[in-house]
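This one's a predicted model, so the numbers in the text were calculated from it and none came from an experiment. Per chain, numbering begins at 1; letters A, B, ... match sequence-line order.
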Protein chains: 2
Amino acid sequence: MSVRRLNHVVALAEEGSFARAAERVHLSQPALSRSIQAIEDELGLRLFDRAARGVAVTQAGKTIVERARRVLFEANCLVRDAELLKTHEIGEVQSASVLIRPRSCCPICWWVSRGCIRTSG
Amino acid sequence: MSVRRLNHVVALAEEGSFARAAERVHLSQPALSRSIQAIEDELGLRLFDRAARGVAVTQAGKTIVERARRVLFEANCLVRDAELLKTHEIGEVQSASVLIRPRSCCPICWWVSRGCIRTSG
DNA sequence: CCGGGTTACGCGGAGCGTAAGAATT
DNA sequence: AATTCTTACGCTCCGCGTAACCCGG
């Protein structure tokens, strides 16, 4: 199970559409579709109901999405601590860091949000 | 960042040797060595000090290992909930599940511990 | 030498984008 | 016909094991 794929699940649950979720995680729509299928197969659970108009999270999906958010939160904390350890060049972090807002979905988005990369669109 | 790789980091920290950690996570020793290098590069941090006699966790490594444990815990909770949802065929889990012991490192180990697979060695 | 970590190399599989298909409105 | 998800296909690259290499006791 990859952290990346859990991010796909959360994005799809929040956007309610493969197309929008794919754009959010910087993936083509078919690639996201396969990614969701893969994790559904891996868990042996149907997480989403595909309807003609929009995608709905199943009951089981709601539980998994909530779990996925917690995994992503911890993973973001890890990356954040790594950044702190790197920039401050200290050996230990005294207090736990708490993220008020979720991190950017990837390093590129992070640079964009910092204005270090200009987007053409 | 993959959950699998975080497991490698924790295993190496606990075993104190690439050879033993590799055996624990069912990987050849060179493969584990590359896996650790990869995450060290990814985070931009040196997590382990390679000495002639044993491997020591660096100060930064201690923080990251602790974070990795939390990510793995949440990931295990997710898998566990998925199993509960699957076997009981219910739509929701009422209370959060708490793991007293860590899960097996992989499904194969799980089957072995259940006696469903006999090991030759 | 020897035990233990790293580098070299070839291979299989996972995951991507593009393009074509299917289904619902 | 339009919109939206899925399947097909070819490609790239990541990650593995084997084997060769390196380096302190």
What is the separation between atom [atom1] on [X] and atom [atom2] on [N], rounded to the nearest whole Å?
{"X": "B:Leu12", "N": "C:dG5", "atom1": "CG", "atom2": "C1'", "result": "11 Å"}
{"X": "A:Phe48", "N": "D:dT6", "atom1": "CZ", "atom2": "P", "result": "11 Å"}
{"X": "B:Glu23", "N": "D:dG17", "atom1": "CD", "atom2": "P", "result": "13 Å"}
{"X": "A:Ile36", "N": "D:dT4", "atom1": "CD1", "atom2": "C1'", "result": "15 Å"}
{"X": "B:Asp41", "N": "D:dC14", "atom1": "CG", "atom2": "C1'", "result": "14 Å"}
{"X": "A:Arg50", "N": "C:dA22", "atom1": "CZ", "atom2": "C1'", "result": "15 Å"}

I'd like to know if the side chain of [X] reaches the main chain of [Y], judged simply by a donor and an acceptor atom lying under 3.5 Å from each other, with no hydrogens or angles considered.
{"X": "B:Glu74", "Y": "A:Glu74", "answer": "no"}
{"X": "A:Thr58", "Y": "A:Arg46", "answer": "yes"}
{"X": "B:Thr87", "Y": "B:Glu83", "answer": "yes"}

**Message:** Surrounding CD of A:Glu23 (heavy atoms of other residues, nucleotides or ligands, distance under 6.0 Å), is the total greater than 12?
**Reply:** no

**Request:** Taking salt bridge (Lys or Arg N to Asp or Glu O under 4.0 Å) as the test, write out the residues that go with A:Arg50, two or more places apart.
**Result:** A:Glu40

**Message:** Under 4.0 Å from OP1 or OP2 of C:dT6: is there any side-chain N or O of B:Ser33 that close?
**Reply:** yes

Listed pairs, N/O of protein and of nucleotides 21-25 of chain D, under 3.5 Å:
none

Scan the side chains in residues 3-11 of chain A for donor-acceptor partners under 3.5 Å anywhere in the protein, sequence neighbours excluded, and list what turns up.
{"from": "A:Arg5", "atom 1": "NE", "to": "A:Ser35", "atom 2": "OG", "distance (Å)": "3.4"}
{"from": "A:His8", "atom 1": "ND1", "to": "A:Ser35", "atom 2": "OG", "distance (Å)": "2.7"}

**Message:** Classify A:Gln37 by what it touches in the nucleic acid, base, sugar-phosphate, or nothing, heavy-atom distance under 4.0 Å.
**Reply:** sugar-phosphate

**Request:** Go through the structure and list residues passing side-chain contact (heavy atoms from CB on, under 4.5 Å) with A:Val57, not counting sequence neighbours.
**Result:** A:Ala13, A:Phe48, A:Lys62, A:Val65

**Complete:** Considering only heavy side-chain atoms of B:Ala19, the closest of C:dT6, D:dT6, C:dG5 is C:dG5

**Asked** So do B:Leu43 and A:Leu78 actually touch side chain to side chain, heavy atoms under 4.5 Å?
**Response** yes

Please write out the pairs of protein N or O atoms and N or O atoms of nucleotides 13-16 of chain C separated by less than 3.5 Å, giving the distance to one decimal.
{"from": "C:dG15", "atom 1": "OP1", "to": "A:Arg5", "atom 2": "NH2", "distance (Å)": "3.1"}
{"from": "C:dG15", "atom 1": "OP2", "to": "A:Arg5", "atom 2": "NH2", "distance (Å)": "2.8"}
{"from": "C:dC16", "atom 1": "OP1", "to": "A:Arg4", "atom 2": "NH2", "distance (Å)": "3.4"}

**Asked** Under the side-chain hydrogen bond (donor to acceptor under 3.5 Å, both in side chains) test, which residues partner B:Glu14, sequence neighbours left out?
**Response** B:Arg24, B:Arg69

